[in-house]
Each structure stands twice: as C-alpha cells, then as structure tokens.
K.L.:
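Quick one: the structure is below, and I'll ask about it shortly.
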2 protein chains.
Amino acid sequence: MTTTGLDEFALLDETWRAVTPDAARRMLIAAAHAFAEKGYHATTTRDIASLAGMSPAAVYIHYRSKEELLFNISLLGHETSLALLNGIEGGDAAQRLRTAVSAFAGWHAEFHTTARVVQYELGALTPEHHAEVAELRRQIEQRMRSFIADGVAEGVFDVGDLKGATLAVLSLCIDVARWYQPGGRRTPDEIGALYADLVLRMVRPAG
Amino acid sequence: MTTTGLDEFALLDETWRAVTPDAARRMLIAAAHAFAEKGYHATTTRDIASLAGMSPAAVYIHYRSKEELLFNISLLGHETSLALLNGIEGGDAAQRLRTAVSAFAGWHAEFHTTARVVQYELGALTPEHHAEVAELRRQIEQRMRSFIADGVAEGVFDVGDLKGATLAVLSLCIDVARWYQPGGRRTPDEIGALYADLVLRMVRPAG
DNA sequence: GTCTATAGAATGATAGAC
DNA sequence: GTCTATCATTCTATAGAC
C-alpha cells in the first residue's frame, strides 16, 4: 500500500528513471497521469499534489510552475519516442519500416498516458518550450521519412508522394494515443503488428 | 466590418445554418473557434462573449452553461460528418470507399475548427451528453466498416482484420483535425485524394 | 523539504436595470 | 434580449513556521 494514488506500473515506468529526487519524480508521474486523463487546463496543481501524496505547496519545491511540469513530461516523452526510432538499424528497408511503425505505434499504446500529453498538450507550452519540442518533432518526422525513402531508393517501395506518405504513417501511429484504452481488444504489440502490416501494404508497389 | 472577431468564412459555415436566433448562432461559432484554438477548459465564457461581440452575461441568455455550448457544437459536428457518410451510394465498392475516405478526411481538414472540438473535447461533456454523441460515433464507425466490408464481400478488397482496418482508416481521417493548418502545403481536397489513395492501397489484394 | 495558511487574480454564473 | 455589476468559488503561486 502506498500513500499516493499512483499504481505500481506508473512508478516503474522507465521513462522517468533519471528524474530525481524521488518526490520530483512522483510529482512528474502524477502530473502526467492527471494531464492525460483530464487535460492540462482541467488539471489543478492540487490534483497533482494529491495524486503524488503531498501538499499543494510541495509542487513548487521541485518545479517553478505547472507549465514546467508539462514541459518536463513533453520533453522526456519526445526524447523517448525519438530514441526508439534512432535505435533502429540493420535488415532491409521493409524490415526497418516494419520495426519503426511497430515500435512507434506500440509506444503510443503502451505509454498512452505520456503519449497523450506529448501529442495533445503542445498548445499549453510556452513559446520557448514549444520551440524546443518542435525541434524533436522535426527529427522524428525526418527519421520516419528516411525509413520510407530508403525503400523507395532501393525500388522495393512505391509511394507517389513521400512527404504525404510520411505524414500519413506518423499520423496513424500518433492517433493511437487518442483511442487506445488499456484492457481493450488489442495489446500494444498487436497494434504495432497490425499497423506495420497496414503501412507495408500502403508502400507496396502494384503487383 | 463586423463588431465581432469572427471572420466571414466562419459566419457562412453551413454547419450552423439551423441555429437561431442570430445571437445564439454567433455565440456557438465563437465558442467553436475558441474551443478549437485553446481547448475547452482554457477558454473562458468571457473569451466566447468577446469573440461574439457581446457581454459576458449574454452567453447565458441562449445557453445554460459553457458545457451546453460544447454539447451543441459536438452534436452538430457529429451529425454533419455522419450525414456525409450516409449520403454515399452508387458506384462499385472501391468508388464508394474512395468517396467516403475523401469526404471524411476532407471534412476534418476543411472544418478543422469544428472537427477539433468534435474529436478532442469529448471528455469535457457531461456523461449524459457524452452518451448521446457516442451513439453517433458508433454509427460513423459502422458506416465506414460497411464500405470496407462491401469490397471484401465482392472479393475486390483483401483485409486480414476488418475491425482493425476500419479503426485505422477512421483514425487516419480523424487525425487530420490535429495536424491540418489552413494555408499549409495541401488543400482539403488534396488531402482527401491523398488519403483515399493510401487507403485503397491498404485494402488492395496482393498482386 | 515539507507543511499550513493565504494572498491575489480569474472564473462560471446570476441579479436586476433598461 | 442585452447590459453593468457582482457574487461565490476556485485557481496558481507564495510566505513563513518547523
């Protein structure tokens, strides 16, 4: 039994491992859960403190503002999902694209809490903070585009519009964070496999 | 020159044609724009009134609460996009699916303001209001699924997982509301055409 | 570092004149 | 139907004790 409203799974999420001290990490995890469930603006600093098992004032010991909590979540989330794509190498172009889509879509399901904050709360960041995560988003887009471009260059993929195809693939994966519900029909791995199949069909040349 | 912050395009949007009297319609349009831009919870009733060119109290002449404004927008938006799908008939299965995807994705671009409220503010509805739009969402899902199922039954489409394919197609179209920006690289019609192509590739049997 | 208490501002909604 | 004025509440953030 814990003194907070956070379950064990949330506290073991490796995304937050490097955040110290413990109270700052508990606060960040509490904020991520609250932001994901009710949205940034509907979440009060009291909600966050209460979920972390601390007083309302404790938030400001570790973070300057509510927005700084959001920024930390957004930054870590973007870095984690970019690292996923950056870690993919080896195999042929189709294998790499399959792995990329499977991992990226699967991440948006398994870590839908973080992913929702990452994808749907960009507008609540300060302009400076938004610019910082926008750069990471550009890198994510470039990575995914290169996986498709590789196959086109090798002649194993056929897409009429490279930027359009990249947009659609990223969009498909990102939207998983909106509809995914734990305990639903599909596991994150199954979603990754399904989406990788669908994307490979999209880029496959006409028979 | 108008006394409100709403531009001519917003006021001519046919989605709101049946809303009377004029002040109630202006308020609804103002609310849709504010909710889409900043989110429901970040929007104040003063924002809405100001955008409609009226006093803060004027909101409550035509609507019981801020949530009732949201519900009206959500209901009208869902009804409009469902009507789009319900109006599709004739042609072969591939033509109908192409038309459906093109229209549905295109709607999420052209009416991205309404679409954003429809897709991303469901959580701010009261349970009763949410249940009412959830029924419309089920009908939208069924319609899209039937367009795919028709082609499978005729043997012109090949999908391993009908529910999964339907989910992906709807997801792809819906996410347009998140990333679309007027004045961007693609027009709503071009997005519709691009997405219809990609979806037909997804359901096309192996050569 | 964490707490209790609260300042200072903003919010949703209402009262009552016109 | 619309306005001005305002109530009651809630919010982010800070002060100061321990």
Side-chain angles (χ1 to χ4, degrees), chain A residues 2-6 16 19-35 37-74 117 121 123-129, chain B residues 2-6 16 19-35 37-74 117 121 123-129:
Chain A
T2 69
T3 59
T4 80
L6 295 169
W16 320 110
V19 180
T20 55
D22 275 15
R25 180 169 55 250
R26 275 213 320 280
M27 209 85 76
L28 209 61
I29 296 171
H33 277 75
F35 292 164
E37 198 183 322
K38 319 201 318 177
Y40 174 80
H41 285 104
T43 299
T44 71
T45 52
R46 283 169 173 79
D47 292 336
I48 297 166
S50 157
L51 202 58
M54 304 184 78
S55 77
V59 170
Y60 298 91
I61 298 165
H62 301 284
Y63 300 93
R64 256 187 259 279
S65 65
K66 186 172 119 174
E67 191 273 345
E68 204 182 71
L69 275 163
L70 174 64
F71 174 57
N72 276 273
I73 296 163
S74 192
V117 181
E121 300 296 352
L125 292 166
T126 64
E128 294 75 18
H129 286 163
Chain B
T2 68
T3 59
T4 80
L6 295 169
W16 320 111
V19 180
T20 55
D22 275 14
R25 180 167 57 249
R26 275 213 320 280
M27 209 85 76
L28 208 61
I29 296 171
H33 277 75
F35 293 163
E37 197 183 322
K38 320 200 320 177
Y40 174 79
H41 285 104
T43 298
T44 70
T45 53
R46 282 167 177 80
D47 291 337
I48 297 165
S50 158
L51 202 58
M54 304 183 79
S55 77
V59 170
Y60 298 91
I61 298 163
H62 301 286
Y63 300 93
R64 255 186 259 278
S65 66
K66 187 173 117 174
E67 191 273 344
E68 203 183 72
L69 275 163
L70 174 63
F71 174 58
N72 275 275
I73 295 163
S74 192
V117 182
E121 301 295 353
L125 293 166
T126 64
E128 293 75 19
H129 287 163

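Lettering follows sequence order; numbering is per chain, from 1.
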K.L.:
I'd like to know whether A/E68 forms a side chain to side chain contact (heavy atoms under 4.5 Å, CB included) with A/N72, so could you lay out the CA-CA distance, the side-chain angles of the two residues, the decisive distance to 0.1 Å, and finally the verdict.
P.N.:
CA-CA 6 Å; A/E68 204 182 71; A/N72 276 273; 3.8 Å; yes
K.L.:
Sequence neighbours excluded, which residues qualify as side chain to side chain contact (heavy atoms under 4.5 Å, CB included) partners of A/A49?
P.N.:
A/V59
K.L.:
Can you name the closest pair of heavy atoms from A/T20 and A/R25 and give their distance?
P.N.:
CG2-NH1, 4.4 Å
K.L.:
Using the rule given for side chain to side chain donor-acceptor pair (under 3.5 Å), can you reason through B/T44 versus B/D47, listing the C-alpha separation, both sets of side-chain angles and the distance that settles it, and then say yes or no?
P.N.:
CA-CA 5 Å; B/T44 70; B/D47 291 337; 3.3 Å; yes
K.L.:
Can you name the residues that form a side chain to side chain donor-acceptor pair (under 3.5 Å) with A/H41, not counting sequence neighbours?
P.N.:
none
K.L.:
What one-letter contact string describes nucleotides 8-18 of chain C from 5' to 3', where B marks a base within less than 4.0 Å of any protein heavy atom, S marks contact via sugar-phosphate atoms alone, and - marks no contact?
P.N.:
---BBBBB---
